[in-house]
Amino acid sequence: MDVGRQRMLINGEWVESLNGQSLPIENPGRKGTIVGEAPRGRAEDVDRAVQAAANAFEKWKCVNPRDRGKLMIKIGEAIEARMNEIARIIALETGNAIRTQSRPEAMLAADIFRYFGGIASEIKGETIPLGENLLSYSRREPIGVVGGIVPWNSPVGLGALKIAMAITAGNTLVLKPSSEAPLAVLTIARICSEFLPPGVLNVVTGTGSECGIPLANHPSVRKLSFTGSQEIGKTIMEAAAERIVPVTLELGGKSPQIVFPDADESQVVDGVFLAMRFTRQGQSCTAGSRLFLHESIYDSFLEKLVKKLKSLRIGDPLDESTDIGAIINRTQFEKVCSYVEDGIRQKGALLLTGGLPPSEGPLSQGYFMEPTVIGNVRNEWRIAREEVFGPVLVAIPWKEEEEAIRMANESHYGLAAFIWTHDIGKALRTAHRIESGWVQINQGVGIVPGQSYGGFKQSGFGREYSLEGMLESFTQRKSITINLQF
Ligand code: NAD
């Protein structure tokens with residue numbers, strides 16, 4: 001399957017970049033195979049898109065929120081109707097397995113549009129009691145042109161999120177997907193464009209330096225919403241500081257999973273497996289990649305986990321029987337390998353399963369890696385501190401509860417956390433002490449629309465994904481006070 005040469009969306013039209021160049025998109029499941037091309041946008045293309053969004057804003061902000069919501073719901077339905085096509089494109093360009101990842105991601109995108117469509121009329125203000133002779137009330141107003149930048153690991157889920165939040169709130173948007181995975185985002189943009197007026201949504205494709213930087217720095221962009229790495233998040237924040245525009249940063253993580261001694265059972269193994277996002281090759285910001293196991297269950301738990309991991313099917317992302325697909329590209333693949341090499345080189349480290357990828361056989365034809373577990377890791381090692389963004393779980397034993405919580409919090413990240421125990425008091429006490437934006441107890445699922453989502457510490461700031469997140473991040477509050485005695 002090849003989706004051919006795609007165009008990008010500016011002012012309701014499907015266009016090439018002004019320089020006519022395009023970027024090839026590789027299939028991570030089959031090294032060297034090109035599955036499509038996207039325009040190689042640069043500053044001049046970004047400028048056209050921002051101009052179109054600025055022009056469209058004047059009318060779009062006046063559309064009744066309920067009517068904006070109705071369009072979002074229609075977009076959600078249309079995405080669901082084309083779910084299989086979208087899922088195939090996600091699988092092709094990201095390497096994420098179609099059954100376990102790509103189809104659920106396409107479904108999530110439909111749900112996101114429906115959720116924000118349903119709450120559109122909740123964009124409301126308050127009245128403030130300043131006395132009998134004064135009427136004071138607040139309005140939630142859109143901000144203007146939003147610059148949305150998303151990564152490759154969940155391109156459609158995150159793209160849908162930025163589109164639905166920004167546009168439902170009455171803003172217009174210039175969205176830049178990752179140059180590694182722009183094709184499925186362009187497909188959902190095509191669906192959106194069938195319902196939205198020209199210029200309300202614009203999608204420019206290109207690299208971070210050629211297209212992302214001009215978008216972040218464009219003087220007419222009034223709000224930045226960035227999801228990606230911590231390193232690039234810093235440069236986005238500098239760009240926002242330069243012009244004093246609000247910014248939301250959804251960055252990386254190195255999330256802990258704490259397993260208490262009473263939770264040595266197969267459903268916890270399944271939950272830990274899910275929380276580590278192994279079926280997404282660990283390429284998730286919320287991956288629970290530091291496993292703190294109580295010493296009394298350390299061996300028996302890992303034995304069950306390793307057995308489960310060895311039973312999984314790795315391979316062609318488009319094959320319905322595949323559990324685990326491929327890592328996004330060569331650079332990321334080599335980075336993950338170097339983390340594994342570094343981890344297993346440490347004194348006392350034990351490679352329990354997986355490890356460096358095969359150099360021959362069918363799996364060597366793509367960027368495939370087996371799920372990897374390294375035992376006896378120390379929390380201060382690089383492999384336990386830095387975000388690997390690959391299928392690599394480190395296991396760290398603990399004795400005292402205090403010690404487990406201290407180690408879990410010893411990280412500059414604070415995105416997610418997972419706690420496993422039947423003792424609900426202990427679970428809640430631990431949850432309250434964990435420094436993370438989202439703590440799950442006895443489950444390891446992905447985010448659901450409606451939950452405010454975002455990080456503590458260097459995992460970012462600002463909240464998205466919910467009504468409150470949309471109000472906080474995509475509207476600005478205006479107070480109006482009237483003297484009734486005038
Ligand atoms: P990245 O930071 O390299 O790129 C993210 C986006 O920014 C891409 O579209 C890229 O083209 C663009 N970009 C790159 N350099 C830029 C620059 N100088 N100026 C403007 N834009 C620029 O991240 P990635 O490798 O695509 O994605 C992986 C990272 O994303 C991981 O760190 C992961 O944890 C994080 N992530 C976070 C969340 C979250 O919600 N917290 C969700 C998914 C992924």
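FYI, side chains are in, hydrogens and waters are out, and symmetry mates aren't considered; it's all heavy atoms of this structure. Just follow the structure's listing: the first ligand is 1, and inside any ligand the first atom is 1.
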**Request:** Enumerate the atoms of ligand 1 whose separation from the nearest heavy atom of Leu158 is less than 4.0 angstrom.
**Result:** 42 (C), 43 (C)
**Message:** Please report whether ligand 1 has a polar contact with Lys176, defined as an N or O pair separated by less than 3.5 Å (distance criterion only).
**Reply:** yes
**Request:** Ignoring hydrogens, just give me the one of Cys285, Pro214, Gly228, Gly253 whose non-hydrogen atom is nearest atom 35 (C) of ligand 1.
**Result:** Gly228
**Request:** Could you list the atoms of ligand 1 found under 4.0 angstrom from a heavy atom of Thr227?
**Result:** 5 (C), 37 (C), 38 (C), 39 (C), 40 (O), 42 (C), 43 (C)
**Message:** Check Glu387 with Lys254, please: is the shortest side-chain N to carboxylate O separation under 4.0 Å?
**Reply:** no
**Residues Arg82, Glu85: salt bridge by 4.0 Å N-O rule** = yes
**Asked** Among all protein non-hydrogen atoms, which one is nearest to atom 16 (C) of ligand 1, and what is the separation to 0.1 Å?
**Response** Ile232 CG2, 3.3 Å
**Item:** Ring centroid separation Trp152 to Phe389 under 6.0 Å
**Value:** yes
**Side chain, backbone, both or neither: the part of Ala216 lying under 4.0 Å from ligand 1 by heavy atom** = neither
**Request:** Consider ligand 1: state whether an atom of it lies below 4.0 angstrom from any non-hydrogen atom of Thr286.
**Result:** no
**Prompt:** With a 4.5 Å limit on heavy-atom distance, are the side chains of Lys335 and Gln332 in contact?
**Reply:** yes
**Closest approach of any protein heavy atom to atom 12 (C) of ligand 1, naming residue and atom** = Ile149 CG2, 3.7 Å
**Prompt:** Any N or O of Pro151 that comes nearer than 3.5 Å to an N or O of ligand 1?
**Reply:** no
**Message:** Can you tell me which residue among Lys223, Arg463, Glu472 is in a side-chain hydrogen bond (donor to acceptor under 3.5 Å, both in side chains) with Thr248?
**Reply:** Lys223
**Prompt:** Are any of the N/O atoms in Glu387 less than 3.5 Å from those in ligand 1?
**Reply:** yes
**Asked** Taking everything shown except Glu13 itself, do over 12 heavy atoms lie less than 6.0 Å from its CD?
**Response** no
**Prompt:** Charged N to carboxylate O below 4.0 Å: is that the case for Glu80 and Arg114?
**Reply:** yes
**Message:** Within the structure, is a non-hydrogen atom of Leu215 found at a distance of less than 4.0 Å from ligand 1?
**Reply:** no
**Asked** Between Arg42 and Asp45, is there a side-chain N and carboxylate O pair less than 4.0 Å apart?
**Response** no
**Prompt:** Which bit of Ile213 is near ligand 1, meaning a heavy atom under 4.0 Å away: side chain, backbone, both or neither?
**Reply:** both
**Request:** Taking only Lys NZ, Arg NE, NH1 and NH2, and the carboxylate oxygens of Asp or Glu, determine whether Arg5 and Glu16 approach each other closer than 4.0 Å.
**Result:** yes
**Complete:** Counting from 1 in the order shown, the ligand 1 atoms closer than 4.0 Å to a non-hydrogen atom of Tyr453 are 39 (C), 40 (O), 41 (N)
**Request:** Determine whether any heavy atom of Pro177 lies closer than 4.0 Å to an atom of ligand 1.
**Result:** yes
**Neighbour count above 12 (heavy atom, 6.0 Å) for Met237 CE** = no
**Asked** In ligand 1, which numbered atoms sit nearer than 4.0 Å to a non-hydrogen atom of Leu415?
**Response** 41 (N)
**Message:** Protein non-hydrogen atoms only, distance under 4.0 Å: does atom 4 (O) of ligand 1 have such a neighbour?
**Reply:** no
**Prompt:** Taking N or O atoms only and a 3.5 Å limit, does Trp152 qualify as a polar contact for ligand 1?
**Reply:** yes
**Request:** Flag the pair Val245 / Leu224 as yes when at least one side-chain heavy-atom distance between them is below 4.5 Å, and no otherwise.
**Result:** yes
**Asked** Is it the side chain (CB and beyond), the backbone, both or neither of Val150 that lies under 4.0 Å from ligand 1, heavy atoms counted?
**Response** backbone
**Request:** Within a distance under 4.0 Å of any heavy atom of Ile236, pick out the atoms of ligand 1 and give their elements.
**Result:** 20 (C)
**Asked** Do Glu44 and Asn19 have a side chain donor and acceptor closer than 3.5 Å?
**Response** no
**Numbered atoms of ligand 1 (with element) below 4.0 Å of Asn153, judged on heavy atoms** = 43 (C), 44 (C)
**Request:** Using distance alone, determine whether Ser229 and ligand 1 share an N or O pair under 3.5 Å.
**Result:** yes
**Salt bridge present between Lys162 and Glu464 (N-O < 4.0 angstrom)** = yes
**For atom 21 (N) of ligand 1, the protein heavy atom that lies nearest, with its residue and separation** = Gly212 CA, 3.5 Å
